[in-house]
Amino acid sequence: MVTAQVSKAPAISPLAIRERTGSISIAEIISVLKGDITGLHIRQAFSIEVAEEITANFIRNPGLKERKDGVPGQYIGASHYRKDAATYIAESEKARPFVEAVFSNLVDPVRGLFDALKRELHNQGIEMRLARSEHGYANVCRALCWSGTGLYALEPHDDVAQVLCAGKDYEIAAVANHTVVALNFYPSMPKEGGNLRIWSHKPTVTDRKSQGVEATGYPYSTAYLEAVPFHDFQLKAGDIALIDGGFIHGVTRQSGTGKHRLLLNSFLGFARPDLVLWWT
């Protein structure tokens, strides 16, 4: 007698979404860090003039490279994805002047948020800093531009798997025991699509193994997520979004004409109760 294997349906985890316009609440950002808020969308968080200047600086930046990680698009900066600590930090140090050139002489919205959050956490007895090794430091962000035209501009994934698999020399590995927060600033958005979609499912190690993504978190199949509810963040230039990166999320297909989707991306999270790390 042969017993048929029945695949386990994804467990549904409720989403706690907050949306506001204009003002940035550091208290709400800390709530995302603590896992109390799943997603935070801040509309008009920085000016269109700054957004347009960042976009122009990105396009003419000599550090602009084509992505080679299976996601079509271009980038400036360094990513921890599938790299050991030494390689990642070395790439971060090399990319630093190009990342700084994205902001030129602008009032930097990423560094502004970083500094404000760092001050508030310090007042609570918590240190926040860039991730580091003996080779140097992470960058404050990386800049990414998508050019994918498939069902998703970025396929469904989670941000915890790669952090879980980070080596012992990688201090960010400790963040996997807490909430890995993905922070995105949007200098440019297409007229239609390109929105951030988050599903009501926070996969376990077993879930990742069932999908064959235990070391990468990418990509989850559409069939796996078919019955899982989701929320779409309707994004525009000048917006900021923070999400619990342990939940599966992706980017919807963007319109083929007009502006591309450009974002400034960082990760952050508690490594210890008294330490928050920030990296890319």
Side-chain angles (χ1 to χ4, degrees), residues 16-47 50-51 54 77-80 88-89 92 95-96 99-100 102-103 106-133 136-144 159-160 163 170-187 196 198 233 235 237-247 249 263-280:
I17 305 296
R18 297 278 181 88
E19 300 191 83
R20 61 167 51 243
T21 300
S23 60
I24 297 173
S25 168
I26 296 300
E28 285 182 336
I29 291 174
I30 292 174
S31 291
V32 181
L33 271 170
K34 292 181 176 180
D36 298 327
I37 296 176
T38 316
L40 173 62
H41 177 197
I42 308 170
R43 302 183 184 91
Q44 301 171 27
F46 60 106
S47 74
V50 168
I54 288 171
S79 168
H80 75 279
Y88 165 61
I89 293 298
S92 298
R96 196 173 311 283
V99 172
E100 291 174 356
V102 169
F103 302 107
L106 297 169
V107 176
D108 172 357
V110 182
R111 183 71 68 177
L113 190 151
F114 178 95
D115 290 340
L117 181 57
K118 183 177 181 179
R119 285 193 299 271
E120 179 55 34
L121 289 171
H122 177 77
N123 292 338
Q124 299 182 23
I126 301 167
E127 178 188 7
M128 188 181 83
R129 60 169 172 79
L130 295 171
R132 68 192 182 198
S133 76
Y137 290 84
N139 301 136
V140 73
C141 70
R142 59 178 179 145
L144 302 164
D159 295 326
V160 174
V163 179
Y170 233 145
E171 63 174 358
I172 65 170
V175 180
N177 299 318
H178 305 278
T179 301
V180 177
V181 176
L183 166 62
N184 295 335
F185 291 70
Y186 297 90
L196 178 61
I198 182 168
F233 293 95
L235 300 163
D239 288 4
I240 297 174
L242 296 94
I243 63 167
D244 178 342
F247 282 76
H249 54 285
L263 78 154
L264 309 174
N265 165 250
S266 309
F267 296 101
L268 60 155
F270 279 94
R272 302 191 307 263
D274 63 345
L275 175 64
V276 171
L277 297 176
W278 181 298
W279 76 99
T280 58

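Counting begins at 1 with the first residue of the sequence. Bear in mind that the values here come from a model prediction, so they are computed numbers and not experimental data.
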Are Glu127 and Val276 side-chain neighbours, meaning at least one heavy-atom pair lies under 4.5 Å? no
Please examine the side chains of Arg96 and Tyr137, heavy atoms only from C-beta on, and report whether any two atoms are closer than 4.5 Å. yes
Validation row: Glu28, Leu242 side chains within 4.5 angstrom (heavy atoms): no
Restricting to side-chain hydrogen bond (donor to acceptor under 3.5 Å, both in side chains), what partner residues turn up for Thr280, sequence neighbours left out? Tyr88
Find the distance between OG (Ser23) and CD1 (Ile42) and round it off to the nearest 0.5 Å. 7.5 Å
Do side-chain atoms of His41 reach the backbone of Gly39 as a donor and acceptor pair under 3.5 angstrom? no
Between His249 and Gly245, the two heavy atoms sitting closest are CE1-O, 3.6 Å
Residue pair Ala182 / Asp159: nearest heavy atoms and the distance that separates them: CB-OD2, 3.6 Å
Between Gly77 and Asn139 the two heavy atoms that sit nearest each other are CA-OD1, 4.3 Å
Contact summary for Val99 and Cys141, nearest pair of heavy atoms: CG1-O, 3.7 Å
Between Asn184 and Ala241, is there a donor-acceptor pair closer than 3.5 Å when you use the side chain of the first and the backbone of the second? no
Looking at side-chain heavy atoms only, is the closest gap between Val32 and Arg18 below 4.5 Å? no
Atom CG of Asp239 and atom CG of Leu263: how far apart are they, to the nearest 0.5 Å? 12.0 Å
Listed partners of Thr21 passing side-chain contact (heavy atoms from CB on, under 4.5 Å), at least two apart: Arg43, Gln44
Run the side-chain donor-acceptor check on residues 114-124: report pairs under 3.5 Å with partners two or more places apart or on a different chain.
residue	atom	partner	partner atom	Å
Glu120	OE2	Gln124	NE2	3.1
Asn123	ND2	Arg119	O	3.4

Check step by step if side chain to side chain contact (heavy atoms under 4.5 Å, CB included) holds for Ile240 and Leu113. CA-CA 10 Å; Ile240 297 174; Leu113 190 151; 4.3 Å; yes
Side chain proximity check, Ser79 to Leu144, heavy atoms < 4.5 angstrom: no
Rounded to the nearest 0.5 Å, how far does CG of Leu268 lie from CG of Leu33? 4.5 Å
Rounded to the nearest 0.5 Å, what's the gap from CG on Leu183 to CG on Asn265? Could you check? 7.5 Å
Just to verify, what does Ala131 make a side-chain contact (heavy atoms from CB on, under 4.5 Å) with, not counting sequence neighbours? Ala138, Glu171, Ile172, Trp279
Taking the side chain as every heavy atom from C-beta outward, state whether Ile243 and Phe233 have any atom pair closer than 4.5 Å. yes
Look up atom CZ in Arg129 and atom CG in Leu275, then write down how far apart they are to the nearest 0.5 Å. 5.0 Å
Do Leu40 and Ile29 have side chains that approach each other closer than 4.5 Å (heavy atoms only, starting at C-beta)? yes
Heavy-atom closest pair, residues Pro187 and Ala51: O-CB, 3.3 Å
Within the structure provided, determine whether Ile54 and Phe103 are in side-chain contact (heavy-atom separation under 4.5 Å). yes
Under the salt bridge (Lys or Arg N to Asp or Glu O under 4.0 Å) test, which residues partner Arg272, sequence neighbours left out? Asp274
Looking at Gly246 and Val160, what are the two nearest heavy atoms and their distance? CA-CG2, 3.4 Å
Return the set of residues passing salt bridge (Lys or Arg N to Asp or Glu O under 4.0 Å) with Arg111 (not counting sequence neighbours), or none when no residue passes. none
Residues Val107, Val50; criterion side chain to side chain contact (heavy atoms under 4.5 Å, CB included); working and verdict: CA-CA 8 Å; Val107 176; Val50 168; 5.9 Å; no
Pair Phe267-Val163, side chain to side chain contact (heavy atoms under 4.5 Å, CB included): steps then yes or no: CA-CA 11 Å; Phe267 296 101; Val163 179; over 6 Å; no
